[in-house]
Number of protein chains: 2
Amino acid sequence: MMDDQRRSPCPVSCTLDVIGDKWTLLIIRDLLLGKSHFSEFQKSPEGIATNILSNRLARLVDHGIVEKYPSTSNPGRDAYRLTAKGKALRPVLRAIVKWGLEHIEGTSRELDQPES
Amino acid sequence: MMDDQRRSPCPVSCTLDVIGDKWTLLIIRDLLLGKSHFSEFQKSPEGIATNILSNRLARLVDHGIVEKYPSTSNPGRDAYRLTAKGKALRPVLRAIVKWGLEHIEGTSRELDQPES
DNA sequence: GGAACAACTTGCATAATGCAAGCATTCAAG
DNA sequence: CTTGAATGCTTGCATTATGCAAGTTGTTCC
């Protein structure tokens with residue numbers, strides 16, 4: 001559950017050890033948008049492979065960013081949601097969305113704040 | 001110089017296609033801290049391999065985030081600096097630093113704003 | 001000219017990613 | 001029941017990226 005061996009005590013480096021890849025923040029984006037099921041993440045337009053999705057969800061749970069719970073709306077199924085620690089990543093996502101919209105042409109917004 | 005093929009038009013996805021790895025944002029951190037030479041990036045505590053550093057610098061130049069210029073202070077040597085597009089990533093770094101400091105124990109600050 | 005340094009490049013082993021397929025539950029219909 | 005479809009994964013394997021060490025090129029500096 002803790003860090004195995006960090007590259008340095010720098011907060012940037014340590015944060016990137018957790019979210020520094022092409023997929024993790026996309027899953028967090030989806031969670032912030034209200035998605036909660038494995039298949040919902042899978043259906044996102046980027047097309048994440050199921051083994052990577054599975055791996056990232058497990059990593060996020062390990063790091064206390066996401067928690068797994070039994071879905072009430074869809075009984076018997078698993079679901080995922082952000083913890084407080086995970087929700088605290090919203091400003092990071094917001095900054096990334098802003099930069100993308102302003103500096104990469106052809107991007108269009110889709111992240112708002114659906115709920116806390 | 002442009003995007004080859006993006007995964008989706010989402011600004012998060014497109015931004016991660018550029019900076020979504022464990023090393024790129026560390027280089028940008030160093031640039032924001034005023035570092036400009038290849039060997040300075042190499043000396044950062046995380047210990048980036050030279051081939052990856054070389055690859056990432058080239059990618060960043062391709063994406064218009066960093067520009068190469070002949071060093072005046074150290075004549076005959078190459079140097080790198082952020083473009084306006086690159087400097088615009090500062091809020092992303094700031095959000096990451098903040099999250100790291102608040103949610104990962106044992107991290108200590110080192111990013112301030114040395115200059116614009 | 002030759003040592004020292006900076007900035008890379010190359011080669012190769014290991015790890016991560018991408019893709020397709022397979023497996024175990026659950027649930028609803030027949 | 002028992003099939004059949006859907007969900008939530010896991011496994012196998014090819015491809016790509018990363019990590020490490022070593023080698024190469026181009027300057028300065030004496």
Side-chain angles (χ1 to χ4, degrees), chain A residues 3-8 12-14 16-28 30-31 34-63 66-81, chain B residues 3-8 12-14 16-28 30-31 34-63 66-81:
Chain A
D3 53 291
D4 2 64
Q5 70 278 356
R6 50 184 51 161
R7 293 179 289 173
S8 85
V12 179
S13 164
C14 290
L16 291 177
D17 286 340
V18 181
I19 60 165
D21 73 287
K22 284 194 304 175
W23 294 110
T24 300
L25 281 176
L26 290 180
I27 296 169
I28 292 169
D30 287 349
L31 285 161
K35 296 184 185 174
S36 59
H37 294 285
F38 192 94
S39 59
E40 290 180 295
F41 305 130
Q42 210 183 144
K43 280 170 198 148
S44 284
E46 292 83 13
I48 187 170
T50 57
N51 54 348
I52 297 173
L53 175 54
S54 180
N55 174 278
R56 290 306 185 283
L57 286 171
R59 269 176 57 89
L60 287 169
V61 170
D62 276 353
H63 283 288
V66 165
E67 57 188 357
K68 201 172 183 172
Y69 66 100
S71 173
T72 49
S73 65
N74 210 342
R77 299 285 158 70
D78 292 329
Y80 298 89
R81 66 183 159 210
Chain B
D3 53 291
D4 2 63
Q5 71 278 357
R6 50 183 51 162
R7 293 178 290 172
S8 86
V12 179
S13 163
C14 290
L16 291 176
D17 286 340
V18 180
I19 60 164
D21 73 288
K22 284 194 304 175
W23 294 111
T24 301
L25 281 175
L26 291 180
I27 296 169
I28 292 168
D30 286 350
L31 284 161
K35 296 183 185 175
S36 60
H37 294 286
F38 192 94
S39 58
E40 289 180 296
F41 305 130
Q42 209 183 146
K43 280 170 198 148
S44 283
E46 293 82 14
I48 187 170
T50 57
N51 54 349
I52 297 173
L53 175 54
S54 180
N55 173 278
R56 290 305 186 283
L57 285 170
R59 270 176 57 89
L60 287 169
V61 169
D62 276 353
H63 284 288
V66 165
E67 59 188 356
K68 200 172 183 172
Y69 66 101
S71 173
T72 49
S73 65
N74 209 342
R77 300 285 157 70
D78 293 328
Y80 298 89
R81 66 184 160 209

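Convention: sequence-line order gives letters A, B, ...; per-chain numbering from 1. This one's a predicted model, so the numbers in the text were calculated from it and none came from an experiment.
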d([atom1], [X]; [atom2], [N]) in whole Å:
X	N	atom1	atom2	result
B:R7	C:dC19	CZ	C1'	16 Å
A:L26	C:dG18	CG	P	11 Å
A:L53	D:dT11	CG	C1'	16 Å

Using a cut-off of under 3.5 Å, enumerate the N/O to N/O pairs linking the protein to nucleotides 15-18 of chain D.
| unit_1 | atom_1 | unit_2 | atom_2 | d |
| --- | --- | --- | --- | --- |
| D:dT18 | OP1 | B:R56 | NH2 | 2.8 |
| D:dT18 | OP2 | B:R56 | NH1 | 3.3 |
| D:dT18 | OP2 | B:R56 | NH2 | 2.7 |

Of C:dC8, D:dT10, C:dC19, the nucleotide closest to the side chain of A:A49 is C:dC19
Salt bridge (Lys or Arg N to Asp or Glu O under 4.0 Å) against [X], all qualifying residues, sequence neighbours excluded:
X	value
B:R59	none
A:E67	A:R81
A:K35	A:D30

Any residue meeting side chain to side chain contact (heavy atoms under 4.5 Å, CB included) with B:S54, in chain and number order, not counting sequence neighbours: B:F38
Heavy-atom closest pair, residues A:S8 and A:C14: O-SG, 3.3 Å
B:L53: which of B:L57, B:N55, B:N51 passes side-chain contact (heavy atoms from CB on, under 4.5 Å): B:L57
Review item, nucleotides 5-7 of chain C N/O atoms under 3.5 Å of protein N/O:
| unit_1 | atom_1 | unit_2 | atom_2 | d |
| --- | --- | --- | --- | --- |
| C:dA7 | OP1 | B:H37 | ND1 | 3.2 |
| C:dA7 | OP1 | B:D78 | O | 3.0 |
| C:dA7 | OP2 | B:F38 | N | 3.4 |
| C:dA7 | OP2 | B:S39 | N | 2.9 |
| C:dA7 | OP2 | B:S39 | OG | 3.3 |

Spacing of B:R56 atom CZ and B:L25 atom CG [to the nearest 0.5 Å]: 11.0 Å
Can you list the steps and then say if B:R7 with B:D17 is a salt bridge (Lys or Arg N to Asp or Glu O under 4.0 Å)? CA-CA 8 Å; B:R7 293 178 290 172; B:D17 286 340; 2.9 Å; yes
Is A:S54 close enough to D:dT10 that one of its side-chain N or O atoms is under 4.0 Å from OP1 or OP2 there? yes
